[in-house]
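All remarks here apply to the structure that follows.
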Amino acid sequence: MALHPTAFYFGGVAFNSRNSVTFRRGNVRASGFSSLPLVSIPLSSLQCKAFSGDGLNETKDSSLVVCFGEMLIDFVPTTNGLSLAEASAFKKAPGGAPANVAVGIARLGGTSAFIGKVGEDEFGYMLANILEENNVNNEGMRFDPGARTALAFVTLKNDGEREFMFYRNPSADMLLQEDELDFNLIRKAKIFHYGSISLITEPCKSAHIAAAKAAKDAGVLLSYDPNLRLPLWSSADSAREGILSIWELADIIKISEEEISFLTKGEDPYDDAVVRKLFHPNLKMLLVTEGADGCRYYTKEFNGRVRGLKVDAVDTTGAGDAFVAGILSQLAEDLSLLQVHNCSKQMN
């Protein structure tokens with residue numbers, strides 16, 4: 001969950017214009033925001049066809065992406081490959097999936113804002129300053145004098161599995177209220193992006209639903225990355241129910257193969273028929289990330305795959321958020337990219 005927007009699982013892919021697909025390639029690291037070199041492939045070399053994008057909001061003159069949800073402090077072991085119990089020291093890093101996406105978009109030259117709540121404490125002010133330093137609009141942030149900024153301890157063990165331990169009981173992000181929302185900022189957006197963690201408890205759950213409804217009513221494109229964190233939910237069933245409770249609001253959904261298995265109660269995430277069960281009538285695009293193997297994409301008319309680029313993977317923390325940032329930064333500039341191409345030729 002740390003803020004490492006260039007840590008793409010498979011180097012990254014974003015639709016750069018109607019004429020090319022841009023890939024980011026290089027070492028995958030979890031140590032900062034360093035830019036990666038670009039490689040472009042002409043779309044003319046792909047087998048593509050047009051499809052209709054009914055209901056797309058083409059009237060917005062802004063390219064603003066508003067990201068809603070949690071921002072917190074991640075504590076990461078100074079030595080890789082250890083469990084949390086084995087680690088002897090930790091370093092702090094800004095984190096939180098929606099905030100990661102907001103910073104990633106700004107780092108890619110886009111316009112982004114973050115809406116959420118932190119504690120009125122040193123960590124909270126530090127996070128607000130980090131957003132400002134990264135050219136993210138933080139006017140929608142709120143500070144709670146009675147609750148602390150959320151903390152998370154996260155490590156990547158030798159077996160490749162991540163381990164999380166959260167301290168939010170409750171943390172400030174859980175206490176955001178509907179009357180604290182900056183609705184003007186939400187309505188000005190071209191894209192409103194969110195996850196599912198803000199749906200776990202009240203009052204943040206009601207604030208989340210109100211924000212999404214205001215965005216929908218204003219014709220804003222809604223982007224959803226469930227970002228499943230089971231330890232934060234009371235049970236697997238409550239997590240599944242909560243994640244699916246707002247599923248049909250979204251215009252774009254990004255999920256992983258593990259999340260497909262979870263939401264379908266163990267069905268095969270590599271079976272297109274299974275994935276299609278998650279495709280609701282108003283959805284414009286469903287993106288499935290597969291780590292080093294790249295991603296799949298699904299629309300109403302077609303589906304396809306973009307293969308991953310081979311990289312020296314150091315740490316994949318924040319990789320999914322970086323992927324989302326790349327996609328949304330380009331869509332915010334040109335929503336017609338959702339209408340243009342059926343790239344049926346696999347890219348290697």
Side-chain angles (χ1 to χ4, degrees), residues 2-43 56-58 60-69 71 94-115 127-141 185-186 188-194 220-223 225 252 254 285 287 289 295 306 309 311 318-341:
L3 273 168
H4 309 303
T6 56
F8 284 76
Y9 274 109
F10 54 96
V13 59
F15 292 102
N16 191 43
S17 69
R18 295 193 183 193
N19 301 314
S20 67
V21 175
T22 299
F23 293 86
R24 299 184 172 274
R25 68 192 308 169
N27 288 346
V28 180
R29 300 189 179 277
S31 58
F33 297 96
S34 58
S35 297
L36 299 175
L38 300 179
V39 179
S40 291
I41 298 176
L43 281 175
L56 286 177
N57 174 22
E58 297 288 1
K60 294 277 182 182
D61 56 5
S62 164
S63 61
L64 174 65
V65 180
V66 173
C67 300
F68 174 92
M71 191 175 189
N100 291 353
V101 173
V103 171
I105 289 168
R107 283 288 177 115
L108 291 169
T111 305
S112 63
F114 174 76
I115 292 178
L127 293 173
N129 289 336
I130 286 173
L131 290 181
E132 186 174 2
E133 289 165 4
N134 283 278
N135 298 314
V136 176
N137 182 329
N138 64 6
E139 294 175 3
M141 287 187 73
L185 185 61
I186 293 169
K188 284 194 298 186
K190 181 172 281 188
I191 300 174
F192 182 71
H193 176 71
Y194 49 87
V220 178
L221 195 78
L222 269 58
S223 166
D225 176 4
I252 300 170
K254 175 264 173 194
M285 182 172 289
L287 297 158
T289 54
C295 77
V306 178
L309 297 177
V311 297
D321 303 329
F323 175 89
V324 173
I327 294 293
L328 297 187
S329 67
Q330 297 302 308
L331 288 177
E333 292 297 325
D334 186 3
L335 288 182
S336 70
L337 292 172
L338 284 172
Q339 298 173 290
V340 177
H341 300 290

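For the single chain, residues carry numbers from 1 onward in sequence order.
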Go through the steps for Ile186 and Ile115 under the test side chain to side chain contact (heavy atoms under 4.5 Å, CB included), then give the verdict. CA-CA 9 Å; Ile186 293 169; Ile115 292 178; 3.5 Å; yes
For the pair Val101 and Phe114, evaluate side chain to side chain contact (heavy atoms under 4.5 Å, CB included) and give the outcome as yes or no after the intermediate values. CA-CA 9 Å; Val101 173; Phe114 174 76; over 6 Å; no
Worked check of side chain to side chain contact (heavy atoms under 4.5 Å, CB included) between Asp321 and Asp225: CA-CA 9 Å; Asp321 303 329; Asp225 176 4; 4.0 Å; yes
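Across all their heavy atoms, Val220 and Phe192 have their closest contact at CG1-N, 3.5 Å. Smallest separation of non-hydrogen atoms from Asn135 and Ala106: O-CB, 4.0 Å. For the residue pair Cys67 and Pro98, the shortest heavy atom distance occurs at CB-O, 3.3 Å. Smallest separation of non-hydrogen atoms from Ala113 and Leu185: CB-CD2, 4.0 Å.
Across Ile252, Leu221, Leu328, a single residue satisfies side-chain contact (heavy atoms from CB on, under 4.5 Å) together with His193, and that is Leu328.
Side-chain atoms of Leu131 and Met141, non-hydrogen and from C-beta on, do get closer than 4.5 Å to each other. No side-chain heavy atom of Ser62 sits less than 4.5 Å from a side-chain heavy atom of Lys188. Put simply, the side chain of Leu222 reaches to within 4.5 Å of the side chain of Tyr194, judged on heavy atoms. Proximity of Leu331 to Ile191: side-chain heavy atoms (C-beta onward) are separated by under 4.5 Å at one or more points.
Atoms CG and CE, from Leu127 and Met71 in turn, are 4.5 Å apart once rounded to the nearest 0.5 Å. Summarising the geometry, atom OG belonging to Ser63 is positioned 10.5 Å from atom CD belonging to Gln330; distances are rounded to the nearest 0.5 Å. Separation of atoms OG1 (Thr289) and NZ (Lys254) is listed at 3.5 Å; rounding is to 0.5 Å. With values rounded to the nearest 0.5 angstrom, Ser112 atom OG is found 5.5 Å from Ile105 atom CD1.
Without hydrogens or angle criteria, Lys190 side chain to Ala332 main chain gives a donor-acceptor distance under 3.5 Å. Using a distance-only test at 3.5 Å, with no hydrogens or angles considered, no donor-acceptor pair links the side chain of Thr111 to the main chain of Leu64.
For Glu139, the side chain to side chain contact (heavy atoms under 4.5 Å, CB included) partners at least two apart in sequence or on another chain are Asn137.
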